[in-house]
Number of protein chains: 2
Amino acid sequence: MRYHRIPDETVRRLPIYLRGLMFSADQGNEHISSRSLAEFVGVHAWLIRKDFSYFGDFGTPGVGYNIQRLARQIKKILRLDSVPRAALVGVGDLGSALLAYPGFATYGLDIVAAFDTSPKKIGKVVNGVKIEPVVDLAALKQRDITLAIVAVPRAAAQPTVDRLVEVGVKGILNFAPCKVQAPKRVKVITLDIAMELARLPYYIPTGQTDKGKGAQQ
Amino acid sequence: MRYHRIPDETVRRLPIYLRGLMFSADQGNEHISSRSLAEFVGVHAWLIRKDFSYFGDFGTPGVGYNIQRLARQIKKILRLDSVPRAALVGVGDLGSALLAYPGFATYGLDIVAAFDTSPKKIGKVVNGVKIEPVVDLAALKQRDITLAIVAVPRAAAQPTVDRLVEVGVKGILNFAPCKVQAPKRVKVITLDIAMELARLPYYIPTGQTDKGKGAQQ
DNA sequence: CAGTGTGAAACCGTTCACAGCC
DNA sequence: GGCTGTGAACGGTTTCACACTG
């Protein structure tokens with residue numbers, strides 16, 4: 001059925017599919033079947049077909065999906081077609097690593113500004129981006145920057161988010177290990193790296209009082 | 001009902017609760033109600049109660065939960081009580097940041113070894129951890145290290161994982177943006193940072209053809 | 001024949017309402 | 001009165017089976 005609401009879980013998987021489609025395109029393929037995409041991204045074929053079915057007919061029975069057409073559509077849904085511009089706040093160890101991280105380009109994302117409070121860092125250029133004082137965040141509004149990455153210490157996270165909301169940021173990726181409040185119109189995704197590692201031991205059989213059994217990846 | 005299987009989604013939330021409980025303990029509290037914990041961690045009170053109900057009675061009606069007792073139990077379930085030791089493979093920008101990251105200690109996690117292929121890095125000491133050649137991974141078996149963090153370039157990810165499985169690692173946190181294969185007995189969690197950022201624009205109202213509406217954090 | 005698209009069933013997780021307890 | 005613990009209702013996602021198509 002066409003014109004369906006796209007479930008949140010499907011949205012979460014779209015970037016994975018995109019990754020796979022682009023890789024397959026790089027290999028010179030023009031079409032890909034749900035089966036081969038499934039193998040590549042690690043999601044069952046029927047789930048892929050169901051996911052794609054939420055936004056129209058893209059496949060040709062007996063052939064598969066047109067990679068370019070499908071990739072373009074996914075980008076459009078995720079709104080990655082307009083090259084979203086992001087600002088980074090907090091250029092510590094993690095922040096610096098994010099500035100240098102090549103992976104964002106895969107999705108057409110671009111970190112175009114960086115901010116920090118430390119006078120030692122301000123003015124330095126990391127990976128082509130000049131570090132500005134946090135006080136200058138106000139200018140974001142004029143600079144067409146709607147996404148922000150927060151990589152500041154936990155105590156600074158909430159004030160930083162408040163400030164970002166003030167200057168018109170619409171989406172925030174928060175690396176500080178705490179809940180941050182924001183108005184509903186601003187989407188916040190919190191990514192606590194340590195928490196992911198903390199989940200891992202649960203799935204490891206102890207050999208002794210083996211109770212919690214893990215699934216695959 | 002006691003002695004219930006703990007749903008995966010609950011396991012995913014346990015570290016969040018733990019974070020909140022420890023913070024509350026630091027504030028000098030001895031008990032906490034589901035309501036106040038809910039406020040602090042951003043999860044509804046009824047869901048917290050349901051989650052806790054999967055593993056026994058910990059709360060006292062009218063009083064709340066004993067923080068220490070509950071925290072200890074959660075740590076036990078997550079198997080964080082034995083101070084899991086982790087190795088890092090790939091000491092690039094991201095890897096270095098992870099070595100310096102203080103957040104792991106919150107969960108009693110410890111990165112006790114680091115590996116890289118680059119002769120320039122080998123032998124250096126970052127944050128108290130000496131960088132060893134990847135060839136020496138074999139020794140992990142003897143060193144009681146069962147967790148590994150993979151922060152190598154995408155092309156190196158699968159070979160690295162294969163090697164880690166060989167030397168007896170049981171859980172892997174993979175930062176490379178690709179699926180990696182491992183035997184079912186080895187749990188792999190892949191964390192694609194760029195993917196999280198890529199999901200963000202979807203939830204941002206465009207003002208024009210506003211269709212995809214986001215939820216809160 | 002290989003492969004898509006999709007109703008229907010099964011499954012899982014969340015939400016609610018409220019009985020029971022301190 | 002305040003708070004926990006939980007069966008039951010609900011809603012969303014995954015899985016299945018299969019009709020349909022190039």
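Naming: A, B, ... by sequence-line order, numbering from 1 per chain.
- Using a 4.0 Å heavy-atom criterion, one finds that B:Phe52 contacts no nucleic acid atom at all.
- In this structure, the CD1 atom of A:Ile32 is 14 Å from the C1' atom of C:dT4, given to the nearest Å.
- Applying the ring pair (Phe, Tyr, Trp, His ring centres under 6.0 Å) rule to B:Tyr65 yields the partners B:Phe52; only residues at least two apart in sequence or on another chain are considered.
- Distance CZ (A:Arg5) to P (D:dG11): 13 Å, rounded to an integer number of Å.
- B:Asn66 has its CG atom 16 Å from the P atom of D:dC3, to the nearest Å.
- Straight-line distance from the CG atom of B:Asp8 to the P atom of C:dC12: 11 Å, rounded to whole Å.
- Rounded to a whole Å, the CZ atom of A:Phe55 is 14 Å from the P atom of C:dT4.
- Atom CZ of B:Arg85 is surrounded by more than 12 heavy atoms from other residues, nucleotides or ligands within 6.0 Å.
- With sequence neighbours left out, B:Tyr107 forms a ring pair (Phe, Tyr, Trp, His ring centres under 6.0 Å) with no residue at all.
- Salt-bridge check for A:Asp81 with A:Arg72: failed, with every basic side-chain N at 4.0 Å or more from each acidic carboxylate O.
- A pairwise comparison of heavy atoms in A:Val161 and A:Ala182 identifies CG1-CB, 4.3 Å as the closest pair.
- Here D:dG5 presents its P atom at 16 Å from CZ of B:Arg35, a figure rounded to the nearest Å.
- Residue B:Asp57 contributes atom CG, which lies 12 Å from atom C1' of C:dG20 at whole-angstrom precision.
- Shown here is B:Phe23, whose CZ atom has no more than 12 heavy atoms of other residues, nucleotides or ligands within 6.0 Å.
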At under 4.0 Å between heavy atoms, how does the protein contact nucleotides 14-22 of chain D? Give one character per nucleotide, 5' to 3', with B, S or -. BBS----BS

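- Atom C1' of nucleotide C:dG3 and atom CG of A:Leu37 are separated by 14 Å, given to the nearest angstrom.
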